[in-house]
Amino acid sequence: MQEVFLGEAIKRRRLELGLTQEQLSRGICEPITVSRLENGRQTPSRNRIQALLARLGMPTDRYYAFLSKKELDVEELCSRIATCNIQFLNAIDADRQYIRDKGLRMHQELKTLVPEDDVLVRQLIIRSQVILGQEDGPYTYAEQRKKLMEAIRLTSPSFNIEEIGTGLYTIDEIKIINQLALIHVHAGEHMDAIEIFSQLYKYICRHFYNTPQIKAYLGIIACNYANELYAIGQYKKALEIAEEGRKICINYGGHQALPELVAVEAKCFHFLQDEEKSLHLFYQAYYLLNAFGNNRALERLKKDAQELLNIRMDDLPHGAGNLDAACADEGS
């Protein structure tokens, strides 16, 4: 009965969006697989179901497909790779090589568990490779762009980064688009990055209005978007997006981006001539980043506090206000 309910829910949402089975399945599975799923005659693998649900803007955590031992192993390994990616991004340079080596070994292990034609797992591995780099260090920006475009076109062959709003994306495709924007950030191409973040932010707000998992990831998009607006001096707009992002983090549980969103607010208030609010938020961000173990962002925050407010945050054991205020201001 579970398969029939799932198929009916998918069919209803697909028809609401005016999609054919071929359009929905493109890059994920064969159209016949969607037909059989909708009719209750077949249950695809869990990762394909999640990709279909995400493309439809449906919650991916309400539906369950029975998993084999092998599928459970693949899912666990994918989760460990995702954790490794986050650890790598948060680590200081001295720790990065160890984390990189661990992640690359997991890539090889995952490849032994899945067939070569599993495009969703291939996509995940490419995304992780771009984050971790190669054994001897990171890929160049050009190599990263090429690999990410290869990854997204595994499932969205006609993807156009200039018209993001015209597509339908899975959560992994959304993460790839975010990564493409971050390459522009690292290359100092702020306007290009802002355009991508703006399109992606609007797309998620419009399409995933009732999908907590992807709404939670919107907090990360908001953080990146706000940081780029700050970088070009659009402090009021950056503050607006950062405050929206903080509410999203609190309401949908995506707390990973919360410390850096508070940091953006702190810097914006300084340039908007509210030094008391700026100092208050600097200390909130400082303690949050310490608690989250985000050492790279913490070092950036301390440097910003020194340059903007002429304070050494490590010299003081307490901040202006308590940590609870970071969440209590917006409610839960």
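For Tyr225, the ring pair (Phe, Tyr, Trp, His ring centres under 6.0 Å) partners at least two apart in sequence or on another chain are Tyr201. By the side-chain hydrogen bond (donor to acceptor under 3.5 Å, both in side chains) test, Asp172 is found to be paired with no residue, residues two or more places apart in sequence or in another chain being considered. Checked against salt bridge (Lys or Arg N to Asp or Glu O under 4.0 Å), Arg36 has no partners two or more places apart in sequence or in another chain. Taking Arg296 as the reference, Asp93 meet the salt bridge (Lys or Arg N to Asp or Glu O under 4.0 Å) condition, with sequence neighbours excluded. Glu143 pairs by the salt bridge (Lys or Arg N to Asp or Glu O under 4.0 Å) definition with nothing, not counting sequence neighbours. Take Arg80 and apply the salt bridge (Lys or Arg N to Asp or Glu O under 4.0 Å) test, not counting sequence neighbours, and it matches no residue. Checked against side-chain hydrogen bond (donor to acceptor under 3.5 Å, both in side chains), Glu240 has no partners two or more places apart in sequence or in another chain.
Gln21 places a side-chain heavy atom less than 4.5 Å from the side chain of Glu38. At a threshold of 4.5 Å between non-hydrogen side-chain atoms, the residues Leu229 and Val264 do not count as touching. Using a 4.5 Å heavy-atom cutoff, the side chains of Arg100 and Pro138 are in contact. Side-chain contact between Leu53 and Ile10 is present, with at least one heavy-atom pair separated by less than 4.5 Å. Between Leu200 and Ile204 there is a side-chain heavy-atom pair separated by less than 4.5 Å.
Annotation for Leu124: hydrophobic cluster partners, listed by chain and number, are Val74, Leu77, Ile81, Met106, Leu110, Leu113, Val114, Val121, Ile125 (ILVMFWY side-chain heavy atoms under 4.5 Å, direct or chained). Through direct or indirect side-chain contacts shorter than 4.5 Å among Ile, Leu, Val, Met, Phe, Trp and Tyr, Leu261 is connected to no other residue.
Among pairs with a residue in residues 92-112, none fulfils ring pair (Phe, Tyr, Trp, His ring centres under 6.0 Å), at least two apart in sequence or across chains. The ring pair (Phe, Tyr, Trp, His ring centres under 6.0 Å) contacts involving residues 169-188 comprise Tyr169-Tyr203, where partners must be two or more places apart or lie in separate chains. Screening residues 113-166 for ring pair (Phe, Tyr, Trp, His ring centres under 6.0 Å), with sequence neighbours left out, gives no hits.
Cluster membership for Ile86 and Leu298, using ILVMFWY side-chain heavy atoms within less than 4.5 angstrom, is not shared.
Checked for salt-bridge contact, Arg246 and Glu243 miss the test: no charged N lies under 4.0 Å from a carboxylate O.
With Arg55 contributing its side chain and Arg26 its backbone, the two residues share a donor-acceptor pair below 3.5 Å.
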Do Gln108 and Arg105 pass the side chain to side chain donor-acceptor pair (under 3.5 Å) test, and can you show the C-alpha distance, the side-chain angles, and the key distance before you say yes or no?
CA-CA 5 Å; Gln108 295 304 316; Arg105 287 195 299 271; over 6 Å; no
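In this structure, a donor-acceptor pair under 3.5 Å is absent between the side chains of Asn224 and Glu228.
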